[in-house]
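Hydrogens, waters and symmetry mates play no part in the numbers below; they use all other heavy atoms, side chains included. Computed from a predicted structure; not experimentally measured. Position 1 is the first residue of the sequence; numbering continues from there.
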Amino acid sequence: MTTKKNESKRKLPTELCYSLATRQFSRLLGRVYHKHMHPCGISAGDFAILEFLSQCGEMTMVDLARRLVMDRTTLVRTLKPLQDEGYVVAQPDPVEPRRLNIVLTAGGETKRREATPLWEAAQEEVERMIGKTQASALRVSIGSAVHEGKETA
């Protein structure tokens, strides 16, 4: 027979749920990054796209979607505001014209540079919230899981 005292010590399914915990943490992270990134007018997701393009050069729509672990349709919607602002352009591939290459513009590079210190401040706030070592370990664990998930999906 279970007593009330024992029931209160038992973990509830919601306390054990990875999906719920990651969604809650994701919302918390979203608020932190929004607070810091809002002044420059782009989101952390937008910043990631500008950063990928700055580091890697032009990328096909498919390659960028893979790197972001995002389906192509969602990427098209995500890129639209960046295209409207002139931060990126989609150009037909010179070899395979049906393939689109996403290119960072000079304006996009300027915006990326403007956003970088704001993104760094958000990173530092996350590290203060959960500890630098834990933040690093979390990032590595998530990166490994995402890589494994891409391999098996």
A.B. asks: For residues 125-137, pull every pair meeting side-chain hydrogen bond (donor to acceptor under 3.5 Å, both in side chains), keeping only residues two or more places apart or in separate chains.
C.D. replies: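 Every pair satisfying side-chain hydrogen bond (donor to acceptor under 3.5 Å, both in side chains) with a residue in residues 125-137: Lys35-Glu125, His36-Glu125.
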A.B. asks: Is any side-chain heavy atom of Thr105 closer than 4.5 Å to one of Val88?
C.D. replies: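 In short, these two side chains do not touch, never coming nearer than 4.5 Å.
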A.B. asks: Just verifying a value: how many Å separate Asp63 CG and Arg99 CZ, rounded to the nearest 0.5 Å?
C.D. replies: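 Here the interatomic distance stands at 8.0 Å.
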A.B. asks: Nearest 0.5 angstrom please: Leu82 CG to Ile42 CD1, how far?
C.D. replies: 7.5 Å
A.B. asks: Which distance, rounded to the nearest 0.5 Å, do you find between the CG of Leu75 and the CD1 of Ile102?
C.D. replies: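 The distance works out to 6.5 Å.
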A.B. asks: With clusters defined by side-chain heavy atoms of hydrophobic residues (ILVMFWY) lying less than 4.5 Å apart, directly or transitively, does Leu138 cluster with Val32?
C.D. replies: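 Yes, same cluster.
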A.B. asks: Shared ILVMFWY cluster between Ile49 and Val62, side chains joined below 4.5 angstrom?
C.D. replies: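 Hydrophobic grouping puts Ile49 apart from Val62.
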A.B. asks: Apply side chain to side chain contact (heavy atoms under 4.5 Å, CB included) to Leu64 and Met70, showing your working.
C.D. replies: CA-CA 8 Å; Leu64 184 56; Met70 183 182 285; over 6 Å; no
A.B. asks: With a 4.5 Å cut-off on side-chain heavy atoms, are Val103 and Met59 touching?
C.D. replies: no
A.B. asks: Tell me the closest heavy-atom pair linking Met37 and Ser43, and the distance in Å.
C.D. replies: CE-O, 4.1 Å
A.B. asks: Enter the distance from Leu29:CG to Met129:CE here, rounded to the nearest 0.5 Å.
C.D. replies: 6.0 Å
A.B. asks: Residues in side chain to side chain contact (heavy atoms under 4.5 Å, CB included) with Asp71, at least two apart?
C.D. replies: Thr73, Thr74
A.B. asks: Could you name each residue pair satisfying ring pair (Phe, Tyr, Trp, His ring centres under 6.0 Å) that touches residues 45-103, not counting sequence neighbours?
C.D. replies: Phe47-Trp119
A.B. asks: Run the salt-bridge test on Lys80 and Asp84 with the 4.0 Å N-O cut-off and return the result as yes or no.
C.D. replies: yes
A.B. asks: Val89 and Gln83: side chain to side chain contact (heavy atoms under 4.5 Å, CB included), yes or no, with the steps?
C.D. replies: CA-CA 6 Å; Val89 293; Gln83 289 175 301; 5.9 Å; no
A.B. asks: Will you find, in the side chains of Asn101 and Glu58, an N or O donor that is under 3.5 Å from an N or O acceptor?
C.D. replies: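 The criterion, which ignores hydrogens and geometry beyond distance, is satisfied for Glu58 and Asn101.
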A.B. asks: Between Pro92 and Pro97, what is the shortest heavy-atom contact and its length?
C.D. replies: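 Of all heavy-atom pairs spanning Pro92 and Pro97, the closest is CB-O, 3.6 Å.
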A.B. asks: Verify side chain to side chain contact (heavy atoms under 4.5 Å, CB included) between Leu100 and Asp93, making sure each step is shown before the conclusion.
C.D. replies: CA-CA 6 Å; Leu100 285 178; Asp93 186 275; over 6 Å; no
A.B. asks: CZ/Arg113 to CG/Leu50 distance, rounded to the nearest 0.5 angstrom?
C.D. replies: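 Between atom CZ of Arg113 and atom CG of Leu50 there are 12.0 Å.
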A.B. asks: Exactly one of Thr116, Leu118, Asp46 should register a side-chain contact (heavy atoms from CB on, under 4.5 Å) with Cys40. Which one does?
C.D. replies: Leu118
A.B. asks: Are the side chains of Leu28 and Gln24 in touch, meaning some heavy atoms are under 4.5 Å apart?
C.D. replies: no
A.B. asks: Taking atom types as modelled, find out whether Arg112 and Ser54 have a side-chain donor-acceptor pair closer than 3.5 angstrom.
C.D. replies: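 Judged by distance alone, the side chains do pair up.
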